[in-house]
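Mind having a look at this structure? Questions to follow.
A note on names: the letters A, B, ... follow the listed sequences, proteins ahead of strands, and every chain is numbered from 1.
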2 protein chains.
Amino acid sequence: MDHKCVKPRSDTAEKILDVGENLIQTRSFNGFSYQDISDALGIKKASIHYHFASKSDLGAAIMTRYRQRLEAAMAIAEGTSENSCWDLLEFYFTPYFQYADTPDKVCLSGSLAGEFPTLPADMQKMVAGFFHDHQTWLAKVLERGKIHGEFAIQDSTVQMARVLFDALQGALLVKRASGEIKQLHDVVDVFRLILTPTGKHDKA
Amino acid sequence: MDHKCVKPRSDTAEKILDVGENLIQTRSFNGFSYQDISDALGIKKASIHYHFASKSDLGAAIMTRYRQRLEAAMAIAEGTSENSCWDLLEFYFTPYFQYADTPDKVCLSGSLAGEFPTLPADMQKMVAGFFHDHQTWLAKVLERGKIHGEFAIQDSTVQMARVLFDALQGALLVKRASGEIKQLHDVVDVFRLILTPTGKHDKA
DNA sequence: GTCTATACAAAGATAGAC
DNA sequence: GTCTATCTTTGTATAGAC
């Protein structure tokens with residue numbers, strides 16, 4: 001089960017990825033430099049190039065790790081039989097709430113979306129893949145919940161998954177500008193209400 | 001009625017704003033340079049500085065003009081008595097559809113949202129103001145439509161306006177990455193459905 | 001693996017001629 | 001208003017010592 005599909009990486013490389021991920025989420029890809037990482041870790045810019053030859057490579061590595069981490073968690077949650085579809089949905093919301101609790105973090109892909117046409121080609125593919133995978137996963141959860149009678153969805157679950165995903169990403173971005181955490185909570189609350197069949201939201 | 005609250009500007013300045021607006025919508029603020037404008041207009045970088053001393057000034061001017069243009073149109077539409085609330089809503093969608101019809105354009109503020117923390121302070125205020133104004137306008141339309149019986153909204157119209165706005169902004173960003181125009185249409189279709197009281201969508 | 005040093009290009013910005 | 005020329009800073013990236 002723990003088949004370690006992730007390449008082992010040096011401790012420094014991992015720290016660079018950590019800082020880089022954070023920097024993209026807070027400042028976007030074009031908005032940070034190797035100097036920022038250098039400052040954060042106390043190592044020289046040249047040392048970063050040893051681990052990641054180009055900024056493009058670094059960006060791709062950050063995206064890859066981010067996607068693997070989230071999508072592995074999604075796959076595990078989905079495969080855990082105790083989880084109801086409501087559980088899965090609430091589970092999916094957690095990182096959004098985590099980011100919204102910070103003053104300046106958004107989803108990695110959400111941050112990159114604004115500068116999409118300026119990104120290296122491989123990063124563009126990864127961002128598009130991220131969007132696709134998350135919406136597909138959400139659609140699967142909604143479809144299963146619809147069939148089980150957990151969710152009240154008259155029409156396309158694929159469509160609903162798209163709207164939910166768009167709203168979550170949009171809410172994070174708008175929230176960061178306004179500082180109002182309600183921006184995200186409203187999205188979650190509205191969808192909880194829309195998807196609830198009887199009118200009461202029962203998670204257990 | 002036509003009280004011209006917009007400062008008269010030279011023809012070149014206006015062209016610079018046009019190109020700059022386009023560049024931000026396609027490449028974001030950190031993703032374009034004075035050189036890009038220089039190339040597009042066939043004038044030298046120094047000439048641009050004559051019209052807009054700093055990039056910060058240019059960005060602020062672009063944002064100001066963009067907001068005024070959209071919000072003036074929204075105010076006029078709102079004040080036109082023939083318009084139903086459905087009309088107003090469909091009217092609000094039009095620029096989103098326009099952007100979605102291009103390969104690489106998103107909302108100006110949506111583009112800036114991804115790099116928000118790196119923006120000059122005055123631009124940050126304008127982006128936040130844009131988000132606030134648009135959501136307030138949408139909430140007003142939804143509230144009026146709710147009272148008139150045009151819209152089926154059980155709960156907070158403010159909340160619903162937020163979710164709709166988030167979803168529209170998110171959809172444009174995701175659409176640009178995937179190229180799938182459906183990303184935006186799904187949002188519009190779902191909200192048309194949700195807001196329709198009888199189940200049929202009657203715009204007249 | 002990390003450092004110093006440096007190359008190289010691009011960006012924002014200014015001075016001053018025309 | 002636009003130009004040429006130039007300055008300054010920053011950013012990505014490489015070479016080579018340790």
For B/Y92, ring-ring contact (aromatic ring centres under 6.0 Å, His included) partners two or more places apart:
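ring-ring contact (aromatic ring centres under 6.0 Å, His included) check on B/Y92 returns B/Y96, B/H134, B/W137.
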ring-ring contact (aromatic ring centres under 6.0 Å, His included) partners for A/F97, two or more places apart
A/H185
Does anything in residues 161-180 of chain B pair up under ring-ring contact (aromatic ring centres under 6.0 Å, His included), and if so which pairs, sequence neighbours excluded?
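ring-ring contact (aromatic ring centres under 6.0 Å, His included) check on residues 161-180 of chain B returns B/F131-B/F165.
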Below 4.0 angstrom, N of the basic side chain to O of the carboxylate: do B/R192 and B/E90 qualify?
yes
Going by the rule side chain to side chain donor-acceptor pair (under 3.5 Å), which residues pair with A/K105 if we only count those two or more places apart in sequence or in a different chain?
none
Proximity to DNA chain D (any heavy atom under 4.0 Å), residues of residues 118-125 of chain A only
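Close to the strand, none.
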Could I get the full list of side chain to side chain donor-acceptor pair (under 3.5 Å) partners for B/D11, not counting sequence neighbours?
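With neighbours one apart ignored, the set is B/K15.
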Residue list, ring-ring contact (aromatic ring centres under 6.0 Å, His included) with A/F52, at least two apart or on another chain:
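ring-ring contact (aromatic ring centres under 6.0 Å, His included) check on A/F52 returns nothing, list empty.
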Pairs flagged by salt bridge (Lys or Arg N to Asp or Glu O under 4.0 Å) wherever residues 22-49 of chain B is involved - sequence neighbours left out:
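Salt bridge (Lys or Arg N to Asp or Glu O under 4.0 Å) check on residues 22-49 of chain B returns no pairs.
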Just to verify, what does B/H49 make a ring-ring contact (aromatic ring centres under 6.0 Å, His included) with, not counting sequence neighbours?
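For B/H49 the ring-ring contact (aromatic ring centres under 6.0 Å, His included) partners, ignoring immediate neighbours, are B/Y34.
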Nucleotide range of DNA chain C lying under 4.0 Å from chain B heavy atoms
C/dA11 to C/dA15
What pairs meet the side chain to side chain donor-acceptor pair (under 3.5 Å) rule with one or both residues in residues 109-119 of chain A, with sequence neighbours excluded?
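Only A/S28-A/E115, A/N30-A/E115, A/N30-A/T118 qualify under side chain to side chain donor-acceptor pair (under 3.5 Å).
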Pull out every protein N or O sitting under 3.5 Å from an N or O of nucleotides 10-12 of chain D, one pair per line with the distance.
unit_1	atom_1	unit_2	atom_2	d
D/dT12	OP1	A/K55	NZ	2.9
D/dT12	OP2	A/Y34	N	3.0

